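Here is the structure we will look at.
Note that the structure is predicted; figures quoted are calculated from it, not measured.
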Amino acid sequence: MFLNTLEKATDEGRVRTAQVSIGEQQGSFRVLWTETKEDGHRTQESWYEGLQWEELHAAFRERLFMKISEGFKPVVELNGNDLSGMDGRSMFIQMLHYYSEANSDESLYEALRVWRLKQAGREGKAPFIVATNRMLRMISAFVPQTAEELQQLPGFGRGKTAAYGADILALTAPCQRSTAFPLSWVEDQINRDDFQAWMLQEKERKRKAENEKQEMKRTLLEAIHRGERLDALQEQIKVQRRELLQWIEELDRDGYDLEAYIEQMLEPMPEGEREQAWQAFEQQGDRYLKPILQAVYRDNAFSAKEADRVYEWLRLLRLKYRRVNGVKAGAAS
């Protein structure tokens, strides 16, 4: 039997108590939530009853997270939910994320998002590779004015600052700020209970995202096994074409055998273009696709649809090239 008590302060200054328990009887597991109202009346909820421990664990975490979001605080911290297991640097980074989500300048954030989208288009990258939403949130919350200040934000090392710092600082320069660098003051501005609840929320979000990711991979692998074309895959999975190719690349990095499927998708690519592209990969490497496109097609003018088709072929051919040559995938595309 596992048991923990939680408390919630009410608007009237009273305390509402509850207990969550996990029990087992004759091989069947059960999770119960027992709550005592201000008037002493007790209510009980059954969160799970069954034989699967993993299902029990998932139900327990999801429902407990909901209760904590409603204001309940564990009297005894649940294993894995406290902050003591984190090193100082990791905790500080999470505090920066937490603070920036609540204190970002929305107009600056939107301006940064517009810049990121244009920059990603110029480089032929996914926007999150240029900068994640969390990076943009931190910039809009702390408003760095110099390259040195920008590099104090997690994720902005010398390389990224050299590539994008001038553009970012041009956007932050006109903005007023009421805080300063270095950011050591952030820890003193954070309510620990609220931060703990946010950390639980982040864990739950990551768990759900990982489950969704695995489900997406399963669905995609089943469709690939059936030999479905990219158009059919896109319609079934409901993602953008570029994202679909990224999923296929990730499955390849995971070690799934996609050789026959990739060869099938490359059939429409003219043999001469394929040979030229292969030679370009050998001469220039496989990190970036734009030099490969220029080497094969030179000054050819493509419509947007034609360019997308050619990039698809090149991305698929790059997967085959990497598999044949045992090349580890790079970060850029």
Side-chain angles (χ1 to χ4, degrees), residues 112-132 135-136 147 155-168 170 224 229-231 233-234 239-333:
L112 288 165
R113 290 183 68 230
V114 171
W115 162 79
R116 179 182 61 179
L117 184 61
K118 292 180 179 178
Q119 184 66 34
R122 285 192 291 267
E123 297 185 37
K125 295 179 179 178
F128 75 88
I129 294 178
V130 175
T132 64
M135 289 179 178
L136 300 188
F156 274 89
R158 292 183 178 179
K160 197 172 284 286
T161 300
Y164 308 128
D167 290 343
I168 291 172
I224 288 174
R229 311 291 293 188
L230 291 179
D231 289 339
L233 284 176
Q234 185 180 9
V239 297
Q240 296 294 322
R241 191 83 163 194
R242 183 185 182 90
E243 186 178 352
L244 176 59
L245 266 294
Q246 290 172 344
W247 278 110
I248 292 175
E249 288 172 338
E250 182 163 343
L251 288 174
D252 183 77
R253 287 195 297 271
D254 289 345
Y256 291 99
D257 185 5
L258 306 181
E259 186 174 352
Y261 183 75
I262 291 172
E263 193 62 42
Q264 176 188 342
M265 294 299 99
L266 285 171
E267 287 178 0
M269 187 178 187
E271 187 64 29
E273 295 176 14
R274 187 189 300 199
E275 291 177 358
Q276 291 181 55
W278 194 275
Q279 292 174 1
F281 281 131
E282 291 178 333
Q283 295 169 2
Q284 303 187 45
D286 64 358
R287 184 172 176 81
Y288 298 103
L289 290 180
K290 190 171 182 179
I292 309 301
L293 182 144
Q294 293 173 338
V296 176
Y297 300 98
R298 295 178 175 83
D299 298 326
N300 288 12
F302 291 121
S303 66
K305 186 174 182 179
E306 289 171 336
D308 288 343
R309 181 202 64 194
V310 170
Y311 268 112
E312 282 182 8
W313 285 347
L314 292 179
R315 293 181 76 165
L316 291 167
L317 186 62
R318 180 170 62 181
L319 289 178
K320 181 176 180 179
Y321 175 84
R322 287 171 171 170
R323 181 63 64 89
V324 169
N325 292 278
V327 179
K328 186 177 180 180
S333 60

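Among residues at least two apart or in separate chains, ring-ring contact (aromatic ring centres under 6.0 Å, His included) pairs with a member in residues 252-278 are Trp278-Tyr321.
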Tell me which donor-acceptor pairs under 3.5 Å the side chains of residues 266-277 have, and how far apart each pair is, sequence neighbours excluded?
{"from": "Glu273", "atom 1": "OE1", "to": "Tyr297", "atom 2": "OH", "distance (Å)": "2.6"}
{"from": "Arg274", "atom 1": "NH1", "to": "Glu263", "atom 2": "OE2", "distance (Å)": "2.7"}
{"from": "Arg274", "atom 1": "NH2", "to": "Leu266", "atom 2": "O", "distance (Å)": "2.9"}

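Put simply, the side chain of Arg241 never gets that close to the backbone of Gln234: no donor and acceptor are under 3.5 Å apart. Proximity of a side-chain donor or acceptor of Asp286 to a complementary backbone N or O of Tyr288 within less than 3.5 Å is not detected. Using a distance-only test at 3.5 Å, with no hydrogens or angles considered, a donor-acceptor pair links the side chain of Glu306 to the main chain of Ser303. Not a single donor-acceptor pair under 3.5 Å links the side chain of Thr132 to the backbone N or O of Phe128.
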Full working for side chain to side chain donor-acceptor pair (under 3.5 Å) between Glu123 and Gln119: CA-CA 6 Å; Glu123 297 185 37; Gln119 184 66 34; 2.6 Å; yes
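Considering every non-hydrogen atom in both Leu319 and Asp252, the closest pair reads CD2-OD2, 3.7 Å. Annotation for Pro291 and Gln284: closest pair CB-OE1, 3.2 Å, computed over non-hydrogen atoms.
Take Val239 and apply the side chain to side chain contact (heavy atoms under 4.5 Å, CB included) test, not counting sequence neighbours, and it matches Met216, Ile237, Glu243, Leu244.
Inter-residue side-chain proximity for Trp247 and Leu233 is flagged as unmet; no heavy-atom pair is nearer than 4.5 Å.
Here Glu259 does not pair with Arg323 in a salt bridge; the nearest charged N to carboxylate O distance is not below 4.0 Å.
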